[in-house]
Every structure is written in C-alpha cells, then in structure tokens.
Amino acid sequence: MGHALVDQMRLFSRRITVLAAAGCTTCCGEQISPLQGQILFEIQRQATPSMHQVAAELGMDITTFSRQIKNLEARGLLTRQRSPADRRVSRLSLTRSGNELMERISRHMANGIARPLAALTPFEQDTVVRSLALLNQALNVARNHPHRPLE
C-alpha cells in the first residue's frame with residue numbers, strides 16, 4: 001500500500017499544482033506564482049496568522065518567506081500589522097484585492113476539479129472529499145508529532 005499511495009499522491013500533487021498554476025496566471029490576469037497563491041490561501045484560511053505560523057505551515061524558512069510577503073504587500077494583496085500583544089510578531093491579512101484574487105483563483109480551481117469529479121457518482125465524490133480530509137488530518141498529526149506512531 002505504501003508505494004502505491006505515494007505514487008498516487010505524487011500524481012495528484014503534480015496535477016493539482018498544474019491546475020493551481022493555471023489558476024494563478026490565466027484566470028485572474030495576475031502573475032501570481034503557485035507559492036504566492038499558497039501563501040495567500042494560508043493567510044485567508046487562518047485569519048490573521050503570524051508570519052511565522054504561515055511560514056511553518058508551508059515549510060519555508062522565514063527569510064525566503066519574508067521576501068514573498070514584501071512582494072505581495074507591495075502589490076496590495078496583503079497587509080502586515082504588528083501584534084499589540086508582542087511587537088516582534090507581524091500579523092498578516094488579505095486586502096480587499098487579495099480576497100477578490102483568492103475568490104477568482106478558488107472559482108477557477110473549483111471549475112477545474114468539477115470536470116473530472118463529474119465522472120464520479122455523488123457517493124464517490126463524497127468519498128474523495130472525506131478521504132482527503134482524513135488524509136490531511138493524519139498528515140497534520142504526523143507533522144506535529146513526528147515521533148508518535150499513528151494509531
């Protein structure tokens with residue numbers, strides 16, 4: 001099961017990355033890299049996370065991440081604000097333009113995924129969604145507790 005799962009994950013990852021890249025460059029008229037799209041997605045998903053939280057979630061070193069943030073901030077897609085509780089912490093949030101861009105990218109992604117999913121029955125579609133959610137939960141547990149065996 002291990003090798004077959006890894007092979008399927010690699011194929012899925014490659015295909016979803018291609019879809020995301022197309023969503024970031026063709027649907028929106030913006031030159032947003034897939035990495036920048038992921039950064040914007042994490043900021044939107046976490047609601048005013050710190051820079052360190054998003055960098056850790058994406059597995060990026062803070063220096064590389066900070067350059068990406070400066071670029072996105074200069075483009076008016078996000079803002080940085082110092083946390084009142086700890087002035088060393090910068091909180092990130094999307095601007096109206098950033099939220100609008102994410103909505104366009106999300107619609108493009110949903111349309112791109114809808115076509116292949118349409119070939120599945122509603123039960124199979126639900127199974128895919130539930131399976132991905134379970135896999136994401138298991139991967140999150142494994143990442144947060146690398147030495148704890150999965151049960």
Stepwise side chain to side chain donor-acceptor pair (under 3.5 Å) check, Thr64 with Asp61: CA-CA 6 Å; Thr64 302; Asp61 73 271; 2.8 Å; yes
Under 3.5 Å: donor-acceptor pair, side chain of Gln125, backbone of Leu120: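 Side chain of Gln125 to backbone of Leu120: a pair is present.
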Expected output: side-chain Asn136 to main-chain Leu132 donor-acceptor under 3.5 Å: yes
So how far is it from [X] [atom1] to [Y] [atom2], rounded to the nearest 0.5 Å?
X	Y	atom1	atom2	result
Gln68	Met51	CD	CE	11.0 Å
Leu40	Ile105	CG	CD1	7.0 Å
Leu58	Leu35	CG	CG	7.0 Å
Gln36	Gln38	CD	CD	11.5 Å
Leu117	Asp126	CG	CG	11.5 Å
Leu92	Ile43	CG	CD1	4.5 Å

With sequence neighbours excluded, what pairs up with [X] under the salt bridge (Lys or Arg N to Asp or Glu O under 4.0 Å) test?
X	result
Glu103	Arg107
Arg82	none
Glu42	Arg45
Glu124	none

Any side-chain donor near an acceptor of the partner, Arg91 and Gln53, under 3.5 Å: yes
Thr95 and Thr79: side chain donor to acceptor below 3.5 Å: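 Checked: Thr95/Thr79 side chains show no N/O donor-acceptor pair below 3.5 Å.
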Considering all heavy atoms, the nearest Arg80-Ser66 contact: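 Where Arg80 meets Ser66 most closely, the heavy atoms are NH1-OG, 4.5 Å.
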Closest non-hydrogen atom pair between Ser97 and Gly76, with its separation: CB-O, 3.7 Å
Shared hydrophobic cluster for [X] and [Y] (ILVMFWY, side-chain gaps under 4.5 Å):
X	Y	result
Ile113	Phe41	yes
Val128	Phe12	yes
Met60	Val89	no
Ile16	Ile39	yes
Val129	Met9	no

Partner residues of Gln81 under the side chain to side chain donor-acceptor pair (under 3.5 Å) criterion, sequence neighbours left out: none
Within-4.5 Å side-chain heavy-atom neighbours: Ser93 and Leu78: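 Not in contact.
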Validation row: Leu77, Leu101 side chains within 4.5 angstrom (heavy atoms):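 Yes. Closest side-chain heavy atoms under 4.5 Å.
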Of all pairs that satisfy salt bridge (charged side-chain N to carboxylate O under 4.0 Å, His left out), the ones with a partner from residues 2-19, not counting sequence neighbours: none
Worked check of side chain to side chain contact (heavy atoms under 4.5 Å, CB included) between Ile32 and Arg75: CA-CA 10 Å; Ile32 299 291; Arg75 295 171 70 179; 3.5 Å; yes
